Protein chains: 2
Amino acid sequence: MSPTNPAANRPARTNGKVTVIEVAAEAGVSVSAVSRAFNPNGSCSDKMRKKVFKAAEKIGYKPNRLARGLKSRSSLIGILVTDFDNPAYLAILSDFTSAIQKRNCHSLLINASQQLNIAEAVELVMQYQVDGLIVTSTTLPQRLVEACQKQNTPVVIFGRRSRENLATVVCCDNVINGRMAADLLLDAGYHYPAFVGGPIGVSTTTDRQRGFINRLIQRGCDHWTVCEGGRHSYDAGFEATCKLFRARDRPDAIFYADDIMACGGMDAIRYELGLRVPEDVGIIGVDDIRLASSRAYNLTTIRQPFSDMVNTTVDALFEHIHNKDLPPKHITMPCTLIVRSSTRAPGIGAAQN
Amino acid sequence: MSPTNPAANRPARTNGKVTVIEVAAEAGVSVSAVSRAFNPNGSCSDKMRKKVFKAAEKIGYKPNRLARGLKSRSSLIGILVTDFDNPAYLAILSDFTSAIQKRNCHSLLINASQQLNIAEAVELVMQYQVDGLIVTSTTLPQRLVEACQKQNTPVVIFGRRSRENLATVVCCDNVINGRMAADLLLDAGYHYPAFVGGPIGVSTTTDRQRGFINRLIQRGCDHWTVCEGGRHSYDAGFEATCKLFRARDRPDAIFYADDIMACGGMDAIRYELGLRVPEDVGIIGVDDIRLASSRAYNLTTIRQPFSDMVNTTVDALFEHIHNKDLPPKHITMPCTLIVRSSTRAPGIGAAQN
DNA sequence: CGACTATCTGAAAACGTTTGCATCATGTCA
DNA sequence: TGACATGATGCAAACGTTTTCAGATAGTCG
């Protein structure tokens, strides 16, 4: 019971678990000293820190993040995912978790695609006192964004623009993307373009369609058609394409809202309809998923810079976390046209234009 | 200060957050009553529960899962993922999160593919006091499994068998899968089979290889070759295949450790080498990812029942959570051969055998 | 050598729950 | 009617941290 060892006379409750208390006892310092030693910005001398670490190491102490989260930050980031169909999301998830881990936080992954609606998902994730929330491939009703803000939890929306200016958004300008697709197809001499969309009412799809169609009209193309696509999946693309070709006026070029749909569509055109790509039908998608650059598809597409978008999203989220009254902002990332062999080279067959 | 309202005279600390204390005050009951009302197996009358819920609803109370986790379960399940290359994992993740959410728990997703090694990943996830841990596409060193068990956290390993019998494992018998592939190729009259593997030292790959080669030998085929594949990716399959065909003895059939590698390989064979599938080269993969059934690839493969495997894994994990001294078990799920058009029909060209 | 900072350190009060124990109704049975 | 079991309720002590506040310990400067 020496006076230099203030924790020694504390009853050592040794019920298995090793906590700060045990570390304090072992190192002969106070509990607060241990806490500070483990906190990067705790005021604590080097000697103390070394002593504490040594004791902690010796008795195998690991901090309890739940307990820590009760007083300070949980270091949990919620990731809300609704679209598990789009193959691009595997790399996106990998990048998100990785970027979050780099900041010594971790990812609470919520699947809002099936049983859960978005409101329930948000409520659940908030129960874990997440430090921030990333919402992917869907937009958040104003009401929910406000609910998060009331709890002081910043939200960043990934990949969808949202009408209200409440939350920070990272996405691409899909109207421009639609325009790019229209220009490419017309330049390559296609005459009857079609658009195959994703889920109804989703801003990415509607924006792409709007940009596409408006540009067609603007350039004097008055012969086009549109097909609601359904899910972001191979099968949806396949079927939408078959449907498109059952009509009397068959398109000679298709802009798909999505690469995976474009792949399904290309297979329908080649193997179901027996037509050639790009000679008979030109195809262009969006995303540039891995499969797009495969030799089998070699798809012309508009690349979304997913990896950059993810990093930007996480950066923005942590900015908001560290500075709570930063105003929300809209960040638009540029897309690039990747011309491969699912469209004819510009100029060829363009005589009629 | 009526005697029927024990919480009314408690100082109402009203610092914004609404907690059990506020609910108790609102409902005029004790804090413990509120807690019990919110816990399905808390002893509590219907009248009380109704009263508490009404008060909670009125003032917008949401339980704090972090605080709850401090005393009882965290309702967090860790999911360790190392393989973000294999496209099958998107659906697997979707199924895992969904199955976990059905049990009113949530998924802490740890990416152990890049910066983090497995030991660090496990340690991190344990800091969140997860109720259980799912380890996918990798095995856990005995030391780590023991560390988890010491903390009373059950572990289930998904998709890999592990040498030690410490943790519960859900996987397929990949030796059998290798045998199936060998039989199919020999039956179809291929003579010089090759195996293209995934990452070195991974049990799935080595098992498939072993089953495959042993069966070839057993059936008198003494002409075969093997190629280490590298990652589970399209590019790895593509390149391994090119390498294979640069040798003097070109195989006429390839068993890939993985569908996505098989797709890369098929493209190499068709577009890089100018050979026909299945006439010149037969191809078989494992997994039956969505892409395998696309018209472009239409790949013969061995289907792993991923969805069932996920459910079995989660079932097993929760069994262990609820009954801590259940012994670990090995669960082997049956795979099915899906014959498509990347292999010749059995019998054709089999004269030489 | 004394006063004054600057830096470390410790005690104790949170953080929001759950739960063991004690109490108190309420109903049951002889 | 009294003894007793049953179930609902409240009190208060955990759970493992962080953090405020105050005290102690050097360090600096005149």
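Throughout, protein chains are lettered first and strands after them, A, B, ... in sequence-line order, and every chain is numbered starting at 1. Nothing here was measured: the structure is a model prediction, and the numbers come from that model.
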What is the distance, rounded to the nearest whole Å, between atom [atom1] of [X] and atom [atom2] of [N]?
X: Gln127(B); N: dT18(D); atom1: CD; atom2: C1'; result: 16 Å
X: Lys71(B); N: dC15(D); atom1: NZ; atom2: P; result: 6 Å
X: Leu66(B); N: dT17(C); atom1: CG; atom2: P; result: 11 Å
X: Arg65(B); N: dG16(C); atom1: CZ; atom2: C1'; result: 14 Å
X: Phe38(A); N: dT9(C); atom1: CZ; atom2: P; result: 15 Å
X: Lys17(B); N: dA14(C); atom1: NZ; atom2: P; result: 17 Å
X: Asn64(A); N: dA14(D); atom1: CG; atom2: C1'; result: 14 Å
X: Asn152(A); N: dC15(C); atom1: CG; atom2: P; result: 16 Å

Of the listed nucleotides ([options]), which one gets closest to any side-chain atom of [X]?
X: Ser32(A); options: dG10(C), dT17(D), dG16(C); result: dG10(C)
X: Arg36(B); options: dC11(D), dT17(D), dT18(D); result: dC11(D)
X: Arg68(A); options: dT17(C), dT17(D), dT19(D); result: dT17(D)
X: Ser30(A); options: dG16(C), dT19(D), dA11(C); result: dA11(C)
X: Ser43(B); options: dT9(D), dT18(C), dT17(C); result: dT9(D)

query: So Phe158(B) and Phe96(B), would you call those rings parallel, tilted or perpendicular, with 30° and 60° as cut-offs?
result: perpendicular
message: Which is more 5' along DNA chain D, the nucleotide nearest Gln129(B) or the one nearest Cys44(B)? Just name the residue.
response: Cys44(B)
task: Specify the residue among Ala33(B) and Leu70(B) whose closest nucleotide of DNA chain D lies further upstream toward the 5′ end.
output: Ala33(B)
- request: If a pair satisfies ring pair (Phe, Tyr, Trp, His ring centres under 6.0 Å) and one of its residues is in residues 32-51 of chain B, list it, with sequence neighbours excluded.
  value: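 Sorted pair list: Phe38(B)-Phe53(B), Phe38(B)-Tyr61(B).
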field: Residues from residues 45-57 of chain B lying under 4.0 Å of DNA chain C - heavy atoms
entry: none
field: CG-OG distance between Asp131(A) and Ser72(A), expressed to the nearest 0.5 angstrom
entry: 8.5 Å
field: Side-chain N or O of Ser35(B) closer than 4.0 Å to phosphate OP1/OP2 of dT18(C)
entry: yes
- prompt: Regarding Glu22(B) and Thr19(B), is there a side-chain donor-to-acceptor distance under 3.5 Å anywhere?
  reply: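 The criterion, which ignores hydrogens and geometry beyond distance, is satisfied for Thr19(B) and Glu22(B).
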query: Any Lys/Arg nitrogen of Asp315(B) or Arg103(B) sitting under 4.0 Å from an Asp/Glu carboxylate oxygen of the other?
result: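 Here Asp315(B) pairs with Arg103(B) in a salt bridge, since their nearest N and O are under 4.0 Å apart.
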salt_bridge(Asp46(A), Lys51(A)) N-O dist < 4.0 Å: no
Side-chain donor/acceptor pairs under 3.5 Å, residues 121-128 of chain A, sequence neighbours excluded:
| from | atom 1 | to | atom 2 | distance (Å) |
| --- | --- | --- | --- | --- |
| Gln127(A) | OE1 | Arg65(B) | NE | 3.0 |
| Tyr128(A) | OH | Arg65(B) | NH1 | 3.4 |
| Tyr128(A) | OH | Ser75(B) | O | 3.0 |
| Tyr128(A) | OH | Ser75(B) | OG | 3.1 |
| Tyr128(A) | OH | His106(B) | ND1 | 3.2 |

- prompt: With a non-hydrogen cut-off below 4.0 angstrom, is Tyr61(A) in contact with a base, only sugar-phosphate, or nothing?
  reply: sugar-phosphate
